[in-house]
Amino acid sequence: MLSATIQITAAVIVILGFWVINHMVRKRSLELRYSLIWTIIGVITLVIDLFPGLLGVLCRVTGINLPSNMLLVFGLLFAVVIIFYLTVNLSRMSNKERKMCQEIALLRKDMEDLASAQGKNKG
């Protein structure tokens, strides 16, 4: 009976997570590309929750002894993938920021040069 309670609780939490993700996307506080990652993880979690024997099959195929160890491996892999993905995006944003700062500095210099040239023409 406890196992069924845990499965129901996990399913409710995942469904609630889907609702939160959908709500955040609609309010534009979460980008669609990031919500897709969390939605895929939610679907995988829901499948494992609904079909607990699947985790045992995956354990036998991969040679991992306990399903809890398999979940730990999945969690660590997920964390590494998310960290790598966010690092790539952070690098892109950093490059864009540097480029914009350089363009702004050049535009300011051009404006100052124009202002000084206009001042010289009037005098």
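All values derive from a computational prediction rather than experimental measurement.
Checking side-chain atoms of S35 against main-chain N and O of L32 turns up a donor-acceptor pair under 3.5 Å.
The number of heavy-atom neighbours closer than 6.0 Å to OH of Y85, taken from other residues, nucleotides and ligands shown, is above 12. In this structure, R33 places its CZ atom where more than 12 heavy-atom neighbours from other residues, nucleotides or ligands lie under 6.0 Å away.
Y34 contributes atom OH, which lies 9.5 Å from atom CD1 of I82 (distance to the nearest 0.5 angstrom). Rounded to the nearest 0.5 Å, atoms CD1 (I104) and CD (E97) are 9.5 Å apart. To the nearest 0.5 Å, atom CG of residue L46 and atom CD1 of residue I41 are 12.5 Å apart. Note that the CG atom of L90 and the CD1 atom of I83 stand 12.5 Å from one another [nearest 0.5 Å]. One distance of note links CG of D110 with CD of E103; it measures 11.5 Å at 0.5 Å rounding. The CE atom of M24 lies 8.5 Å from the CD1 atom of I21; values are rounded to the nearest 0.5 Å.
Connection of V14 to L50 is established within a shared hydrophobic cluster, with ILVMFWY side chains joined at heavy-atom distances below 4.5 Å, either directly or through further cluster members. In this structure, I37 is a member of the same hydrophobic cluster as W19, with clusters built from ILVMFWY side-chain heavy atoms closer than 4.5 Å. One hydrophobic cluster, built from ILVMFWY side chains closer than 4.5 Å, cannot hold both I6 and I13; they sit in different ones.
L55 belongs to a hydrophobic cluster whose other members, connected by ILVMFWY side-chain contacts under 4.5 Å either directly or through intermediates, are I40, I44, I48, L58, I64, M70, L71, V73, F74, L77.
No side-chain donor from either of R92 and N95 sits under 3.5 Å from a side-chain acceptor of the other.
Between C59 and P67, the closest heavy-atom pair is SG-CA, 3.5 Å.
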query: Could you go step by step and tell me if V47 and L54 meet the side-chain contact (heavy atoms from CB on, under 4.5 Å) rule?
result: CA-CA 8 Å; V47 167; L54 183 62; 3.8 Å; yes
